[in-house]
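When a ligand or atom number is given, it counts from 1 through the structure's own listing order. Each residue takes its place number in the sequence, starting with 1.
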Amino acid sequence: MNTQRRKVSLISPFYNEGKGVQAFFERVGELAAQLQPRYDFEVIAINDGSRDDTYAQLVQAQRVHPYLTIIDLSRNFGKEAAISAGLDYATGDAVVPIDADLQHPPEVVAQLIEKWEEGAEVVLAKRIDRETDRPIQKFTANGFYRLHNAISDIRIPPDVGDFRLMDRKVVQALKTLPESRRFMKGLFAWVGFHSVTVEYQVAPREHGTTSFNTWKLWNFAIEGITSYSSAPLRVWTYLGCAVSSIAFIYAVYLLIKTLCFGADTPGYASLMITILFASGVQLIGIGVLGEYVGRIFAESKRRPVYIVRDVVTPDP
Ligand code: UDP
Ligand code: MG
């Protein structure tokens, strides 16, 4: 029996969540009260370049919640980078990324810890419904997971987000991954380890609005797919071959027809169709290449994932 107290870290990215900070820490405070008899507890709040009063609110919350450390990033780096920062600064034996808008109920963390105590290295929190999503979002999310899992070498469990508990071993493994474009769901899946699932109900957002609009989500999906699969790059070879073969057959047909029946000028339509189709295919192909070249470009710069302005630790 291990008698040493173990430590649990929550890492929570804040982007323009000023209105929700108090509410978040009220709920987290309850969790802390429940856990602290048995565990050391810390919350790493990452202020991801918020333009509202989030930072001031966090500093204020720190007076009441002495387990809170604030990582202030120099600008908005995006949620993925903010979570990476949290993973780097968390010192817990178990680390739980959790959204700051209370969509991930802090109470669930107690259940995650239970499974961890039973020996799981990763405890996934799986949302049991997507009621808070718009129908189009449900549809596209499903489509994304299907497509992603069909063409990538790693499998992302559907309806599981960043909300999960990870053992120190897993966090250590994540920290060794060098890429600077970080699609966390993919990285989490890539490192592997034994995982079990706990189900929970997503709550609607308490304050403020989501920062992920449709365009951002679309880009996020492309990021996810091009991070883990080169299928979109390879498929163009086959499509190109198919299109060229059809064009070749058509050319033979035209040649024979012209030789037997003479030339007819109204070939305009077929000519236009061929040109438009072929150039369309080429443009898409170039676009796909561009996605990957863009990734190589971004990675080759070797820039850090985030820049920290300040680390505010609680007074001892
Ligand atoms: N977030 C962040 N940086 C960003 C966008 C979002 O740190 O650039 C945080 C945000 O404060 C919240 C979490 O990521 O804690 C999830 O964001 P949001 O609720 O907007 O996304 P949704 O729940 O709609 O997917
Ligand atoms: Mg949210």
Quiz item: Just checking, is any N or O donor in the side chain of E42 or S9 under 3.5 Å from an acceptor N or O on the other one?
Solution: yes
Quiz item: Heavy atoms under 4.0 Å from ligand 1: which residues qualify?
Solution: P13, F14, Y15, E17, D48, N76, G78, K79, D99, A100, D101, Q103, R205, T210, S211, F212
Quiz item: Have D88 and Y306 got a donor and an acceptor in their side chains that come within less than 3.5 Å?
Solution: yes
Exercise. Test the R75-F77 pair against the cation-pi criterion, namely NZ or CZ under 6.0 angstrom from the six-membered ring centroid and within 45° of the ring axis.
Key: yes
Quiz item: What's the shortest heavy-atom distance between I83 and P13, and which atoms?
Solution: CG1-CG, 4.3 Å
Practice problem: Could you tell me how the ring of F25 sits relative to the ring of H65: parallel (under 30°), tilted (30 to 60°) or perpendicular (over 60°)? | Solution: tilted
Quiz item: Are any of the side-chain nitrogens in E199 or R127 under 4.0 Å away from the carboxylate oxygens of its partner?
Solution: no
Self-check item: Metal check, the Mg ion (ligand 2) vs D101 N/O/S, cut-off below 2.8 Å
Solution: yes
